[in-house]
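For reference, the structure is listed below as structure tokens.
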Amino acid sequence: MNIIVLVKQTFDTEEKIVVEQGTVVEDGVKFVINPYDEYAVEQAIQIRDDVGGKVTVVSVGPERTAEALRTALAMGADEAVLIQDSRIGHDEHSVALALHAFISQEPYDIILGGNFSVDNGAGQVAVRLAKLLAIPHASSITKLDISAGRAVVQRDAEGDLETIELPLPALFTAQQGLNEPRYPSLQGIMKAKKKPFRELSLDDLNLDAGAVAPRTERINLQLPPARQAGKIISGEPAEQAQELFRLLRTEAKVI
Amino acid sequence: MSRTFLVVAETRGGSLRQVSYETISAARLAGGADTTVAAVLIGATAGSFVNELTHYGADRVYTVEHADLEHYNPQGYFAALQAVVQTVQPDAIFFGHTAIGKDLAPQIAAELGTGQISDITAIEVDDNGQALFTRPIYAGKVLEKKAFTAFPWIATVRPNNIAPLEVDPTRTATTEAVAYSQPTLQTIIRDVVRNTSGKIDLSEAKVIISGGRGVRSADGFKPLEALATVLGGAVGASRGACDAGYCDYALQIGQTGKVVTPELYIACGVSGAIQHVAGMSSSRVIIAINKDPEAPIFKIADYGIVGDLFEVVPLLTEQFKLALQP
């Protein structure tokens, strides 16, 4: 079973965001594998350990992304590919085309990714890729069973639980609850250093800048207005409840 | 040149979703008065919602009605929408940023090779007539403003952020039923468990009561559910409560989980970790109930009660019940 996992490196979710000169400051920030992609990596390793095969993790991103790929290798993935090229824009159309150019040349049965990234959060790239590869997909899955060339998944659709069956090859995006990602072991970290790690540019993928030209552009970044601490309501519980109700009705006017 | 923007409407539980009205409004905002706003509804009984879509501002309404379209199937709905796109040749396509919109929009974007701006919360039009879209990134820690470099394009609209147009029951629209030729479906929907039937979806809820580690158990959510029922709201949770196994991950609000923007957010026993606050800080009014006066949640709450949620929440429920009785 050949399994490809789409990985993005993101800020740790406990990081505060600082904007300077129109960009998010990255100095001193802790980077992690996008939490949803971590479920995808874990699932891929479990399937491989079950039925055999190879797990390849692939990312489109800057040089620092190599660290996230190394972490995935340390978790147990077999090979890593970093597509790094400044001509690839911050645009889902561009990123999906770059991934497609690579993956369409590789053997694959299963492609796994996260449901969305906790930074950009658009949730487009994986579904775009499935369409570009002309393979079926199931997004936001919480359970994945593979047998006899078919997948049965459970999917979270805004709280409703769908059970879907589809043939392989297919693409899946991971939702929380799919599994409990492992921590890399010391042995895993040591082994990761010797695993195949390829870096590819647009030229390696036979693409030029025009082919992956972005379809969207960023105008600016702004911090949302800061919230201020409000009133603390004191008194006995019954008085607090009464006073809160009064304020909601007369001052905040939400009730 | 007059343009046509297509809005993909949805139903849930037998009614049109509020976000569909908001999305019609978004298309009008982005396109201005000269743009034809067309709406499409795909489903088993799509034809019965034409009037509502018209009254909420659609100039043209397309329906794709077929028994096989009762439930969302990524391939079936794609085929249905593609037939409409070929008929309409829209300059832009709008979706709600919903389970269906999130899954269907990128498929169409990839097929057409277009840009897509996801999860937009505000639209403005600059002096050159170009539409600019604001979307929260890092779960709302930053607001990004984006534009498209070429037509056609695709946008998905976050529920609860763009006001619908005023309802006008005298409006009329041209309507057209588009035939659905079923593709060979590789994807088969085996079963759907409607956990949410009769409940309000978190992303669309006007009132959210959320619980953190302070609820202490699955049973601890019961007083929160009682308050949500009285207020017609939905129950959410922090990552702490989900990780502790008190509730399902589907309820999680935060940078992992859902980002919500209700009118009223009542955080009960929630400490206010950065990743949770990112998911709810755009709520209009925030209330925090927590035993710990030092809990960071108080720094962003409009009203705070330092106290035991198991005492305060039932009292609040009583208070609201009495006051809201007709």
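We use all heavy atoms of the structure for the numbers below, so side chains are in, but hydrogens, waters and symmetry mates are not. We name chains A, B, ... by the order of the sequence lines, and we start the count at 1 in each one.
Only the side chain of B:I287 comes within contact range of chain A, with heavy atoms under 4.5 Å apart. Proximity to chain B (any heavy atom under 4.5 Å) is shown, for A:V152, by neither the backbone nor the side chain. No part of A:H100 comes within reach of chain B, as not one of its non-hydrogen atoms sits under 4.5 angstrom from that chain. No part of B:F133 comes within reach of chain A, as not one of its non-hydrogen atoms sits under 4.5 angstrom from that chain. For B:R284, the parts lying under 4.5 angstrom from a heavy atom of chain A are both the backbone and the side chain. If you measure heavy-atom distances from A:L97 to chain B, you find no contacts under 4.5 Å at all. A:A252 touches chain B through backbone and side chain together, each having a heavy atom under 4.5 Å away. Of the atoms belonging to B:H276, not a single heavy atom falls under 4.5 Å from chain A. Both the backbone and the side chain of A:V254 come within contact range of chain B, judged by heavy atoms closer than 4.5 Å. For a residue to count as touching a neighbouring chain, one of its non-hydrogen atoms must lie under 4.5 Å from one of that chain's; by this rule A:P224 touches chain B with backbone and side chain alike. Contact of A:E15 with chain B is made through the backbone alone, with heavy-atom distances under 4.5 Å. For chain B, the nearby parts of A:L221 are the backbone and the side chain; heavy atoms of each come within less than 4.5 Å. For B:T317, no part sits under 4.5 Å from any heavy atom of chain A, backbone or side chain.
Counting all heavy atoms, side chain and backbone alike, B:K146 lies closest to A:H90 at NZ-O, 4.1 Å. Summarising the geometry of A:D160 relative to B:R12, their closest heavy-atom pair is OD2-NH2, 3.9 Å, with the distance given to 0.1 Å. The two residues A:Y36 and B:G257 come nearest to each other via the heavy atoms OH-N, 2.7 Å.
A donor and an acceptor atom, one from each side chain of A:Q124 and B:S118, are located under 3.5 Å apart. For B:Q319 and A:Q242, the side-chain atoms include no donor-acceptor pair closer than 3.5 Å.
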Side chain to side chain contact (heavy atoms under 4.5 Å, CB included) between A:E251 and B:D302, worked out: CA-CA 11 Å; A:E251 194 176 86; B:D302 299 288; over 6 Å; no
- Message: side chain to side chain contact (heavy atoms under 4.5 Å, CB included), that's the test. Do A:T13 and B:I274 meet it? Break it down for me.
- Response: CA-CA 8 Å; A:T13 55; B:I274 287 172; over 6 Å; no
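One finds a salt bridge joining B:R190 and A:E165 here, because a Lys/Arg side-chain nitrogen approaches an Asp/Glu carboxylate oxygen to under 4.0 Å.
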